[in-house]
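Scroll down for the structure; my scribbles are underneath it.
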Amino acid sequence: GAGVSQSPRYKVAKRGQDVALRCDPISGHVSLFWYQQALGQGPEFLTYFQNEAQLDKSGLPSDRFFAERPEGSVSTLKIQRTQQEDSAVYLCASSGTGQNIQYFGAGTRLSVL
Amino acid sequence: DQQVKQNSPSLSVQEGRISILNCDYTNSMFDYFLWYKKYPAEGPTFLISISSIKDKNEDGRFTVFLNKSAKHLSLHIVPSQPGDSAVYFCAASANSGYSTLTFGKGTMLLVSP
């Protein structure tokens, strides 16, 4: 497809479980961003990749959060030992070289019980 | 502290009238501003943007105005249509080499027939 693809769309996890969220960006986009959107809030930055390099992870809330993009295309956001406060929509966005506009996927809604 | 503020959580207008959505920011380093539109269960969709070197940008029914001295921008939709009903997010980026976006909390627009 032409857009950013995220999977799964919905994920229910028990507290303490590990989860992995996948993002497939627009083909050729070098920049990839992860955001977290809590209920009633705007998206908040988590981490940024340029190709395979993770250049900014200042928004990751704890060391339980880990992201990778090993081949500079698909990215995975992993959350270890999930907590209730991790419940949110996780959005992935990509942009082309020199572009200010980010294109978002539909997100993964994570519910931690 | 919120660097991008959308002080109106919701706005209701009648079809055919003008919708005006407002956004204020505090960080003087922001130099690029975007509006995104979000339908339920979908990701944010880019709508229109403006660089800080301009004070107005127009695209069809959508116009964004930027007042740098007041650190204020607004999105005008005219005429409003029922299909415009969605949550609108204001976002800003600073020239940091890559464009991490800082979002407001969003304004829910309801356009009634």
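Just so you know, these numbers use all the heavy atoms, side chains as well, and skip hydrogens, waters and symmetry mates.
The 12-atom threshold is not exceeded at CG of Leu39(A), counting heavy atoms of other residues, nucleotides or ligands nearer than 6.0 Å. The neighbour count for Arg9(A) CZ, taken as heavy atoms of other residues, nucleotides or ligands under 6.0 Å away, is above 12.
Comparing Pro44(B), Ala91(B), Cys90(B) by how many heavy-atom pairs each has under 4.5 Å with chain A, the most go to Pro44(B). Ranked by heavy-atom pairs under 4.5 Å with chain B, the list Cys92(A), Ser95(A), Gly105(A), Gly107(A) is led by Gly105(A). Across Pro43(A), Gly42(A), Gly40(A), the residue that shares the most heavy-atom pairs under 4.5 angstrom with chain B is Pro43(A).
With Asp86(A) as the fixed residue, the salt bridge (charged side-chain N to carboxylate O under 4.0 Å, His left out) test singles out one of Arg64(A), Arg15(A), Lys11(A): Arg64(A).
With a threshold of 4.5 angstrom between heavy atoms, Arg109(A) does not approach chain B through any atom at all. Interface remark: Gln6(A) contributes no atoms to any contact with chain B (heavy atom separation under 4.5 Å). Of the atoms belonging to Ala41(B), heavy atoms from both backbone and side chain fall under 4.5 Å from chain A. Proximity to chain B (any heavy atom under 4.5 Å) is restricted, for Leu91(A), to the side chain, taken from C-beta onward. Proximity to chain A involves both the backbone and the side chain of Leu101(B), based on heavy atoms less than 4.5 angstrom apart.
For Glu68(A), the side-chain contact (heavy atoms from CB on, under 4.5 Å) test picks out Phe66(A), Pro70(A), Thr76(A), Lys78(A), with sequence neighbours left out.
Between Trp34(A) and Ser75(A), the side chains place a donor N or O and an acceptor N or O closer than 3.5 Å (distance only, hydrogens not considered).
Asp84(B) has a carboxylate O that lies under 4.0 Å from a charged side-chain N of Arg61(B), or vice versa, which qualifies the two as a salt bridge.
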